[in-house]
Trainee: 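Here it is, the structure, as structure tokens.
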Amino acid sequence: MPNNDRKSAEQLALKCCETIANSVIQYKGVRISVTLSAGVSDLTQSDKQVVDLYLRADHNLYLSKQRGRNRVTVDGKTIVANKR
């Protein structure tokens with residue numbers, strides 16, 4: 001998410017989770033519940049390569065998945081997205 005700081009990226013990820021969780025998705029007349037888990041990170045001065053960023057984001061994603069559904073994790077802190 002170019003031109004976004006970590007906080008705005010976190011807010012955007014939460015908004016995506018909320019939008020998907022609150023969407024009505026049907027297949028052959030059956031309502032399907034869908035959620036999104038996300039991991040957010042940003043480049044730091046200590047990163048030697050871009051892959052360092054991806055590894056942190058991936059780690060945060062797996063923390064979200066381990067801690068439940070419809071969540072965003074940033075720096076190991078997990079936030080549950082709102083669902084109507």
Side-chain angles (χ1 to χ4, degrees):
M1 295 181 212
N3 303 316
N4 283 286
D5 61 15
R6 185 180 337 176
K7 189 65 179 171
S8 38
E10 173 186 315
Q11 292 302 313
L12 183 56
L14 281 169
K15 177 82 171 151
C16 289
C17 287
E18 292 166 1
T19 299
I20 289 170
N22 292 316
S23 296
V24 176
I25 299 170
Q26 291 193 12
Y27 178 72
K28 293 187 178 183
V30 177
R31 185 178 177 151
I32 301 170
S33 177
V34 178
T35 60
L36 171 75
S37 296
V40 175
S41 191
D42 59 348
L43 283 171
T44 64
Q45 290 186 349
S46 63
D47 289 337
K48 303 290 183 218
Q49 303 173 49
V50 174
V51 72
D52 297 330
L53 163 68
Y54 294 128
L55 291 172
R56 269 194 316 283
D58 191 54
H59 175 73
N60 286 327
L61 168 62
Y62 280 98
L63 287 175
S64 287
K65 290 179 178 220
Q66 289 171 358
R67 294 173 179 169
R69 296 174 184 227
N70 208 36
R71 298 165 195 269
V72 174
T73 301
V74 182
D75 292 335
K77 177 185 158 212
T78 302
I79 305 152
V80 178
N82 294 325
K83 187 175 178 183
R84 286 185 236 149

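These numbers come from a predicted model, not from an experiment. Index from 1, following the sequence.
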Trainee: Test Leu63 against every option in Val72, Thr73, Val74 by the side chain to side chain contact (heavy atoms under 4.5 Å, CB included) rule and name the one that passes.
Mentor: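 It is Thr73; the other options fail the test.
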Trainee: State the CG-CG distance between Asp47 and Asp42, to the nearest 0.5 angstrom.
Mentor: 8.5 Å
Trainee: According to a 4.5 Å side-chain heavy-atom criterion applied to Ile, Leu, Val, Met, Phe, Trp and Tyr, with indirect links allowed, do Tyr27 and Ile25 form part of one hydrophobic cluster?
Mentor: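 Looking at the clustering, Ile25 is in the same group as Tyr27.
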Trainee: State, to 0.1 Å, how close Arg71 and Val80 come at their nearest heavy-atom pair, and which atoms those are.
Mentor: NH1-CG2, 2.8 Å
Trainee: Table please: side-chain donor-acceptor pairs of residues 29-37 below 3.5 Å, with sequence neighbours left out.
Mentor:
none

Trainee: State the OG-CG distance between Ser46 and Asp52, to the nearest 0.5 angstrom.
Mentor: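 Taking OG in Ser46 and CG in Asp52, the distance rounds to 7.5 Å.
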Trainee: Do side-chain atoms of Thr19 reach the backbone of Cys16 as a donor and acceptor pair under 3.5 angstrom?
Mentor: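 No; zero donor-acceptor contacts below 3.5 Å.
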Trainee: Would you call Lys7 and Glu10 a salt bridge, taking side-chain N to carboxylate O under 4.0 Å as the test?
Mentor: yes
Trainee: Partners of Arg67 by side-chain hydrogen bond (donor to acceptor under 3.5 Å, both in side chains), sequence neighbours excluded?
Mentor: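 Arg67 satisfies side-chain hydrogen bond (donor to acceptor under 3.5 Å, both in side chains) with Thr78 once adjacent residues are dropped.
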Trainee: Under a single-linkage rule joining Ile, Leu, Val, Met, Phe, Trp and Tyr whose side-chain heavy atoms are separated by less than 4.5 Å, which residues share a cluster with Tyr54?
Mentor: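 Members besides Tyr54, by chain and number: Val50.
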Trainee: Please report the shortest heavy-atom distance between Leu43 and Arg56, naming the atom on each side.
Mentor: CA-NH2, 4.1 Å
Trainee: Under 3.5 Å, side chain of Ser64 to main-chain N/O of Ala38, donor-acceptor pair present?
Mentor: yes
Trainee: Is there a path of hydrophobic side-chain contacts, each under 4.5 Å between heavy atoms of I/L/V/M/F/W/Y residues, joining Ile79 to Val40?
Mentor: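 As far as the 4.5 Å side-chain criterion goes, Ile79 and Val40 are connected within one cluster.
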